Amino acid sequence: MPEGHTLHRLAGALREQFAGARVAVSSPQGRFVESAALLDGTPLVGAEAWGKHLFVEFEGEHFIHVHLGLIGKFDVFQTPAPAPVGQVRLRIAGESGYADLRGATACDLFTESQRQMVVDRLGPDPLRADAVPETAWRRVSRSHRPIGELVMDQEVLAGVGNVYRAELLFRHRIDPLRPGRTLRRGQWEAMWRDLVELMEYGVRTGRIDTVRDEHTPEAMHRPPRKDDHGGEVYVYRRHGQPCLVCGGKVRTEVLAARNLFWCPRCQPRFRSRSRAA
DNA sequence: TCAAGATGATCAG
DNA sequence: TGATCCTCTTGAT
């Protein structure tokens, strides 16, 4: 379930388990062998996320850059570590824990300048204290592209994926096909604040809950459902089902190569003033 | 038991 | 735009 909150949560888990310790680094699958050998036995300095990118830092300004893609997983466990099963691309092992990476789109050894090049391409990440939301607004407010495409563009906003896209636009009753440049500044600022809150909740709980009354202590302690995103949502993957607010049917369509979900009644088609007049 | 689809991104054509 | 990477869950058979 790799949206931005997953990576920030993972970075925290890696720091907690390994930061400051010498770790064993290996690549049982064989696709990261040379880099793993270089890092093996080196102190792990820390880990941080930027959008959907994860950087694990080792002494000597070496970074492992990980992007989980659609199906990747990076899990932290307590020792003893069993023999690797299946395609484990990367294993980091310490005294009391180990972490296995599988199925990632990217797992590379980076220098500081390579890390910076990746970060420079990304838009502001709502989960980072150093994010500058104005940068995203400049891009949105100048673009003719649909807002449903812009919020998923990592050069506009880093860390937002398909679930947060659908839910954010629903919560603000915005037509996903509405051109970015027609949004009002106040609308965008409200969306940004909402994203920060929703994603911080995601980091704390590991779930994506966007239905307003889900943000309660009771909801926080309820065990996650088996569904992937783990929480309660308004429209994501609810196509054909009644909208929780108006009862109309939730619809789905492909936008930006991904399945978009929205409620046509709560998010009516946007018409520009010039066209309506 | 098997096939399809999925919260992503890149590359070739 | 489609193929590719690669894993896991779900639903059909």
Side-chain angles (χ1 to χ4, degrees), chain A residues 1-11 27-32 49-55 65-77 84-91 99-108 110 114-115 117-123 125-127 145-146 148-171 176 195 198-203 205-211 214 224-241 250 252-262:
Chain A
M1 39 182 118
E3 295 209 20
H5 70 296
T6 307
L7 277 299
H8 280 268
R9 197 173 160 83
L10 174 57
S27 178
Q29 179 209 41
R31 286 183 54 186
F32 192 65
W50 201 302
K52 296 171 190 169
H53 297 258
L54 174 74
F55 300 98
H65 167 243
V66 172
H67 194 295
L68 294 177
L70 187 60
I71 58 178
K73 274 196 167 179
F74 202 0
D75 296 310
V76 181
F77 305 96
V85 178
Q87 303 285 309
V88 177
R89 178 91 56 91
L90 165 70
R91 173 173 279 187
D100 281 353
L101 172 70
R102 301 163 184 276
T105 292
C107 174
D108 309 291
F110 272 11
Q114 286 173 306
R115 187 198 75 92
M117 278 170 64
V118 170
V119 167
D120 286 346
R121 281 207 319 269
L122 297 170
D125 175 348
L127 287 170
R145 291 161 62 204
E149 204 177 299
L150 289 166
V151 295
M152 284 255 297
D153 183 339
Q154 301 299 299
E155 293 182 17
V156 176
L157 273 178
V160 175
N162 209 11
V163 185
Y164 282 122
R165 162 174 81 167
E167 295 301 305
L168 179 72
L169 295 176
F170 178 86
R171 284 165 61 94
L195 257 186
L198 289 173
M199 294 180 77
E200 283 180 349
Y201 175 92
V203 175
T205 63
R207 309 162 45 137
I208 300 181
D209 280 326
T210 61
V211 178
E214 287 296 311
R225 293 182 316 177
K226 196 144 190 185
D227 195 298
D228 316 81
H229 54 74
E232 294 297 328
V233 291
Y234 283 109
V235 290
Y236 177 70
R237 273 205 224 166
R238 293 196 63 248
H239 52 291
Q241 297 178 45
V250 173
T252 183
E253 198 175 286
V254 174
L255 179 64
R258 314 298 301 283
N259 295 320
L260 169 71
F261 304 89
W262 85 104

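Every chain is numbered from 1 and lettered A, B, ... according to where its sequence line falls, protein lines coming before strand lines. Quantities reported herein were computed from a predicted structural model and do not represent experimental measurements.
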*asked:* Contact between A:L68 and A:L101 at the side-chain level, heavy atoms closer than 4.5 Å - yes or no?
replied: yes

*Taking CG from A:L101 and P from C:dC5, how many angstroms apart are they, rounded to a whole number?*
17 Å

*Under the side chain to side chain donor-acceptor pair (under 3.5 Å) test, residues paired with A:Q29 that sit two or more places apart*: A:Q87, A:R89

*For A:L54 and B:dA9, give me the distance from atom CG to atom C1', rounded to whole Å.*
16 Å

*Distance between the P atoms of B:dG5 and C:dT13, in whole angstroms?*
13 Å

_Non-neighbouring partners of A:R238 that pass salt bridge (Lys or Arg N to Asp or Glu O under 4.0 Å), sequence neighbours left out_ = none

*Classify the ring geometry between A:H65 and A:F110 as parallel (under 30°), tilted (30 to 60°) or perpendicular (over 60°).*
parallel

_A:N259 side-chain N/O to B:dA6 phosphate OP1/OP2 under 4.0 Å_ = yes

*Roughly, in whole Å, what's the span from CG in A:L70 to P in C:dT9?*
14 Å

*Looking at A:R102, does any N or O in its side chain come under 4.0 Å of the phosphate oxygens OP1/OP2 on C:dC5?*
no

*Using a cut-off of strictly less than 4.0 Å, decide whether A:K73 has a side-chain nitrogen or oxygen near OP1 or OP2 of C:dC8.*
no

*In whole Å, what is the span from the CG atom of A:N162 to the P atom of B:dA6?*
9 Å

*Does the pair A:R207 and A:D209 meet the rule for a salt bridge (charged side-chain N to carboxylate O under 4.0 Å, His left out), with working shown?*
CA-CA 6 Å; A:R207 309 162 45 137; A:D209 280 326; 3.1 Å; yes

*Between B:dA6, B:dA9, B:dT10, which nucleotide has the shortest distance from any of its atoms to the side chain of A:R237?*
B:dA6

_Nucleotide C:dT4, atom P - distance to NE2 of A:H67 in whole Å_ = 21 Å

_Nucleotide nearest A:Q87 when distance is taken to its side chain, options C:dT7, B:dA6, B:dA9_ = C:dT7

*Strand DNA chain C as a dot-bracket string - pairs counted if Watson-Crick or G-U with both distances under 3.5 Å, | where the partner lies in another strand*: |||||.||||||.

*A:E149 CD to C:dT1 P, straight-line distance once rounded to whole Å*: 10 Å

*How about A:H239 and A:N259: do any of their side-chain heavy atoms sit closer than 4.5 Å?*
no

*Length of the line joining A:F261:CZ and B:dA6:C1', which is rounded to integer Å*: 10 Å

_Member of A:F170, A:W262, A:Y164 meeting the ring pair (Phe, Tyr, Trp, His ring centres under 6.0 Å) criterion with A:Y234_ = A:F170

*asked:* Can you measure A:F74 atom CZ to C:dT7 atom C1' for me and round it to whole angstrom units?
replied: 16 Å

